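For reference, the structure discussed in these notes is given below.
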Amino acid sequence: MEFTLDEMREHLAALEARISEACKIAGRSRDSVKLVWVSKFHPAEAVENAIALGATDFGENRVQEAELKFSEPRTAKDGSRVRCHVIGPVQSNKLKKAAIVADCIHSIASIEAVEKLEKVCAAQGKILDILFQINAGEEETKSGLDVHEAESFLNEIEAKGVAAYPHLRFRGLMTIGKNTGVAEDSRECFAFLRNLQQKFYAKGGVFANFDQLSMGMTGDLEVAIEEGSTMIRVGTALFGERDYSKPVNDPV
Ligand SMILES: *Cc1c(COP(=O)(O)O)cnc(C)c1O
């Protein structure tokens, strides 16, 4: 069962209390952490409720589901346009659709994908924000760049030069913490991500906009905020448990 608007409001208040407390401990302002509402496996009505509660940014794992919910432009409560973040791995043949529906893709992990996105965005006349996913949790099941190849990958991007990617903005790094059920276990990989992001942000040039760290989910957002996250991707704490037996793929 999906949450009612009132239930979602309560969950949002509880989540905001967690975020605020973590920001306080970290000596950061609440404004420095963007909340991305991960609506995957939840229907369009849940998105409507979220928008009514002030959501501006949504995360979807699968391109098709993102298209169903976010192809039509919609307005957030603050008057801005609702933004769609693609946060799951995107197959090469879906990159074009992803680039069209998304304002930001968090899960890019190859030069081939970067090259293809530049072409697609040039054709669309669109500037797209992208983040590089690093497999900092070092688990085989997770996608993203291997920690050992991350730096050479970023060097390769840098070597191509600013002129190579006029339609892409490299915004930073993304990772998924360790899936141990213990938030503290992810601290090291979050810190690794921050160090890598800061090192490349300091270079400027291609990395002039490399100021974002997408890390922290329902289970480990406090640790992520303490380690410098600027975008937390939260699903369960806002929308409740996902029902994986009911994929959202009916037209809305
Ligand atoms: C599903 C998902 C989330 C949200 O996870 P919750 O634990 O439900 O908050 C965040 N990031 C990615 C990449 C996901 O796939």
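In each ligand, atom 1 is the first atom listed, and ligand 1 is the first ligand listed. Below, each value reflects all heavy atoms present in this structure, side chains not excepted, and no hydrogens, waters or symmetry copies. Since this is a predicted model, take the numbers as computed values, not measurements. One-based numbering along the sequence shown.
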Closest to atom 8 (O) of ligand 1 (heavy atoms only, candidates Val36, Thr236, Leu221) is Thr236
Do me a favour and list the nearest non-hydrogen protein atom to [atom] with residue, atom name and distance?
atom	value
atom 14 (C) of ligand 1	Lys40 NZ, 2.9 Å
atom 10 (C) of ligand 1	Met217 SD, 3.2 Å
atom 12 (C) of ligand 1	Ile87 CD1, 3.5 Å
atom 6 (P) of ligand 1	Thr218 OG1, 3.5 Å

>> For Glu184, is there an ion pair with Arg187 - N to carboxylate O distance below 4.0 angstrom?
In response: yes
Quiz prompt | Lys178 bridged to Glu188 by N-O distance under 4.0 Å | solution = no
message: Check whether Arg194 reaches the backbone of Ser229 with its side chain - one donor and one acceptor, N or O, closer than 3.5 Å.
response: no
Do Ile19 and Glu16 have side-chain heavy atoms sitting under 4.5 Å apart? yes
Parallel, tilted or perpendicular, as decided by the 30° and 60° cut-offs, for the rings of Phe207 and Phe200 | perpendicular
Logged contact type for Asn61 with ligand 1, heavy-atom cut-off 4.0 Å, is side chain
The answer for which part of Arg242 has a heavy atom under 4.0 Å from ligand 1 is side chain
A student checking ligand 1 against Gly235 at a 4.0 Å heavy-atom cut-off should list atoms 4 (C), 6 (P), 8 (O), 9 (O)
Counting from 1 in the order shown, the ligand 1 atoms closer than 4.0 Å to a non-hydrogen atom of Arg233 are 4 (C), 9 (O), 10 (C), 11 (N), 12 (C), 13 (C)
Would you verify whether the NZ or CZ of Arg62 falls within 45 degrees of the ring axis of Phe41 while also being under 6.0 Å from that six-membered ring's centre?
yes
Pair up each side-chain donor or acceptor in residues 111-119 with any protein partner under 3.5 Å, not counting sequence neighbours, and list the distances.
residue	atom	partner	partner atom	Å
Glu115	OE2	Lys160	NZ	3.4
Glu115	OE2	Tyr165	OH	3.0
Lys116	NZ	Ser92	O	3.0
Glu118	OE1	His167	N	2.9
Glu118	OE2	His167	ND1	2.7

Please report whether ligand 1 has a polar contact with Val234, defined as an N or O pair separated by less than 3.5 Å (distance criterion only). no
